[in-house]
2 protein chains.
Amino acid sequence: MFRPKVNNIILGDCEQRLKSFPSNFFDLIITSPPYADARKTTYGGIEADKYNEWFLKKSNEFFRVLKNTGTFILNIKEKVVDGERHTYVLELIMKLREQGWLWTEEFIWHKTTSAPGKWPNRFRDAWERCLQFNKNKEFAMYQEAVMVPAKESTKKRMLNLNENDLARQASKTQSTFGRKMSAWQNRELVYPDNVLYMAAECKNKGHSACFPSKLPEFFIKLFTQENDIVLDPFVGSGTTTQMARKLNRKYIGIELNEEYHKLAIERTNQD
Amino acid sequence: MFRPKVNNIILGDCEQRLKSFPSNFFDLIITSPPYADARKTTYGGIEADKYNEWFLKKSNEFFRVLKNTGTFILNIKEKVVDGERHTYVLELIMKLREQGWLWTEEFIWHKTTSAPGKWPNRFRDAWERCLQFNKNKEFAMYQEAVMVPAKESTKKRMLNLNENDLARQASKTQSTFGRKMSAWQNRELVYPDNVLYMAAECKNKGHSACFPSKLPEFFIKLFTQENDIVLDPFVGSGTTTQMARKLNRKYIGIELNEEYHKLAIERTNQD
DNA sequence: GTTCCGCATGAATCGATAG
DNA sequence: ACTATCGATTCATGCGGAA
């Protein structure tokens with residue numbers, strides 16, 4: 001059978017590019033697609049009312065190329081239109097079910113760094129949906145890979161480790177942080193719950209969307225093993241593929257925009 | 001005009017009992033209705049597929065008795081049916097909009113101490129929806145009443161405004177400048193966001209639903225003033241009415257079950 | 001090497017103003 | 001009346017430079 005090249009960032013529209021991939025190929029599809037009406041200059045700005053029509057053609061291909069035991073994670077949040085939360089995401093969930101997807105779970109990503117603002121009739125929006133879809137009730141899940149320390153306060157800290165912390169950890173030596181790390185590791189580990197608490201680090205200046213690396217890291221660990229194949233069909237600046245490579249997974253990223261495509265290749269292959 | 005007695009816990013079905021109330025009467029309706037299929041012995045167990053039909057008849061009365069500037073808070077979470085999250089809550093949101101409600105916002109209640117458990121293919125469910133509906137785009141909201149302490153890092157910065165802050169302030173008109181600056185420097189309190197993080201205390205043994213008093217407290221403070229009238233049409237063990245009384249709001253609670261009704265009266269009137 | 005401090009800015013939203 | 005653009009508001013955090 002023809003096997004496409006993996007560990008590759010492809011330029012183009014995911015719906016078209018995926019046609020050259022065999023069915024039942026990927027173990028995990030994880031993506032944060034352009035939100036409705038959000039990125040006018042970069043994606044042509046899909047209107048909220050036309051969003052589902054646009055998205056369902058893509059997701060139909062996702063369904064085909066995902067393994068039967070695979071998982072599809074969709075990070076999305078509806079915006080406020082005319083004072084109300086728009087319902088297109090709710091409708092999309094139901095349309096995806098009609099397309100054959102099982103809506104297994106909805107994780108909440110609690111963004112600690114949400115956009116500022118003060119309005120007379122609403123507070124700051126601090127969360128996004130991470131919708132989990134599957135093709136079958138039986139799917140691969142490796143819960144042990146994402147266990148966290150038992151204490152709530154510590155759990156937050158672990159989920160929220162920034163690269164600065166990681167760098168210091170890597171430098172080892174007798175830094176305070178290193179000592180703390182070993183202390184945490186001695187504590188009892190428990191399974192997390194379906195609320196993910198992490199900062200929206202936005203270092204990637206080239207890309208307007210905040211997609212913290214902790215998010216793909218969590219789901220890649222949870223739903224794949226080493227050498228499994230991960231797809232991000234809207235790979236943007238390459239956060240998903242970068243984490244996949246770091247975690248020794250195979251990856252395919254697809255990106256329509258030439259500049260992001262270039263950036264994604266750079267970021268994925270650095271160190 | 002006939003004015004029904006307030007500060008009262010009524011025995012009966014809310015749809016029927018509300019008929020004796022005038023239109024545009026309540027400032028806030030907040031409730032945690034029996035979830036689909038969850039409380040078979042106490043409510044006859046509304047099936048997930050028939051839930052909306054059942055609920056929409058009630059919410060139609062809610063719409064009538066709520067003031068035009070009032071708010072309806074619905075605490076609800078869909079259950080897992082056959083391995084999938086059921087979509088009846090999503091459908092309910094859209095049906096409520098057809099009924100005339102505006103879906104203003106969705107708050108997330110992050111339950112810190114939800115029941116432990118281990119399943120092969122999902123984690124602990126640690127959140128519920130608190131859906132905000134309104135009759136008009138203009139509604140009463142008292143944001144200052146629910147402000148929370150600022151993070152330490154932010155407090156420090158406020159004590160020591162830097163040039164960047166000054167520059168951003170300088171772009172404003174003169175009149176705003178002075179006023180706002182002093183407000184900032186004295187600020188230890190900031191506005192919360194739309195993720196509520198509170199423990200699910202379940203002291204009320206008599207009632208099966210966990211509805212921590214912090215939840216009605218937050219929304220009562222946010223959407224009403226003293227002497228405003230609060231309704232909980234599924235008052236259960238009386239958490240909402242207890243908090244309403246404590247906060248010097250008027251209240252009506254309605255409960256179908258005789259034992260809960262008795263319990264709600266007791267708990268509401270205890271100091 | 002560590003701690004502290006200053007700085008920039010973000011998947012936002014609203015209301016006013018302009019065309 | 002309806003749409004497009006613009007200014008104002010506001011908090012958390014990572015980063016870099018200094019002590």
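Quick note on labels: first sequence line is chain A, next is B, and so on, each numbered from 1. Computation of the quantities below employed the complete heavy-atom set of this structure, encompassing side-chain atoms and omitting hydrogens, waters and symmetry-equivalent molecules.
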Nearest-neighbour nucleotide for the A/P120 side chain, C/dG15, C/dT13, D/dT13 considered:
C/dG15
Gap between atoms CD and P, on A/E128 and C/dG10 respectively (whole Å):
15 Å
Rounded to whole angstroms, how far apart are CH2 on A/W119 and P on D/dC11?
11 Å
Could you label the plane-to-plane angle of the A/Y51 and A/W54 rings as parallel, tilted or perpendicular, counting under 30° as parallel and over 60° as perpendicular?
tilted
Between P on D/dA1 and CG on A/D82, what's the gap in Å once rounded to a whole number?
16 Å
From NZ of A/K118 over to C1' of D/dG7, roughly how many Å is that when rounded to an integer?
17 Å
Nearest to the side chain of A/P116 - D/dT13, C/dG10, C/dT13?
C/dG10
Would you say the side chains of B/S59 and B/Q99 form a donor-acceptor pair under 3.5 Å?
yes
With a sphere of 6.0 Å drawn around NZ of A/K262, does it hold more than 12 non-hydrogen atoms of other residues, nucleotides or ligands?
no
B/E105 atom CD is separated from C/dT13 atom C1', nearest whole Å, by 11 Å
Provide the Watson-Crick or G-U wobble partner of D/dC11, both distances under 3.5 Å; none if there is no partner.
C/dG10
Measure OH/A/Y197 against P/D/dA12 and give the value in whole Å, please.
9 Å
Select one nucleotide: of C/dA12, C/dT13, D/dC11, the one nearest the side-chain heavy atoms of B/V190.
D/dC11
Would you mind classifying the nucleic acid contact of A/R85 as base, sugar-phosphate or nothing, using non-hydrogen atoms under 4.0 angstrom?
sugar-phosphate
Can you say whether the rings of A/F26 and A/F21 are parallel (under 30°), tilted (30 to 60°) or perpendicular (over 60°)?
tilted
5' priority, DNA chain C, between A/R124 and A/N121 [closest heavy atom]:
A/R124
Contacts of A/K111 and A/V81 projected onto DNA chain C by closest heavy atom; the upstream (5') one is A/K111
I want to check one thing: is the phosphate of D/dG14, taken as OP1 and OP2, less than 4.0 Å away from some side-chain N or O of A/T113?
no
Per A/R122 side chain, nearest of listed nucleotides D/dC11, D/dT10, C/dT13
C/dT13
Between A/R122 and A/G83, is there a donor-acceptor pair closer than 3.5 Å when you use the side chain of the first and the backbone of the second?
yes
D/dC11 C1' sits how many Å from A/D125 CG, rounded?
14 Å
In whole angstrom, give the distance that lies between atom OH of B/Y191 and atom C1' of C/dA12.
17 Å
